[in-house]
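We use all heavy atoms of the structure for the numbers below, so side chains are in, but hydrogens, waters and symmetry mates are not.
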Amino acid sequence: MYNFKTLTCYNCKSVMLNLPEVEISKLNGLNFICDCCGHQNLLTKNKFSKSINNNDPYLNIMSVDSMIL
């Protein structure tokens, strides 16, 4: 089966994603906003880190809610 990985916010440690590692690798380089604390998280190498603030805060940011169909 799939090997699931749970990713947490770098700031508040709340769970943001629980997906197979194959799917997480496809999202590498995207920014996610934590629903709990509002911090921007950059996905790099299958973990979240602090994101560099862009001039356009909506550039390549995905909400977890938009991924759930």
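Here the closest heavy-atom approach between residue Thr44 and residue Ser49 is recorded as OG1-OG, 3.7 Å. Smallest separation of non-hydrogen atoms from Gly29 and Leu42: O-CD1, 3.6 Å.
Counting heavy atoms from C-beta outward, Leu7 and Phe32 have side chains that stay 4.5 Å or more apart. Considering only heavy atoms from C-beta on, Cys9 stays 4.5 Å or farther from Cys36 through its side chain.
Residue Lys5 holds its NZ atom at 9.0 Å from NZ of Lys47, rounded to the nearest 0.5 Å.
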Show me the side-chain donor-acceptor pairs of residues 12-24 shorter than 3.5 Å, one per line, residues at least two apart or across chains.
unit_1 : atom_1 : unit_2 : atom_2 : d
Lys13  : NZ     : Tyr10  : O      : 3.1
Asn18  : OD1    : Thr6   : OG1    : 3.0
Glu21  : OE2    : Asn3   : ND2    : 3.1
Glu23  : OE2    : Lys26  : NZ     : 3.4

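For the pair Asn28 (side chain) and Asn46 (backbone), a donor-acceptor distance under 3.5 Å is absent.
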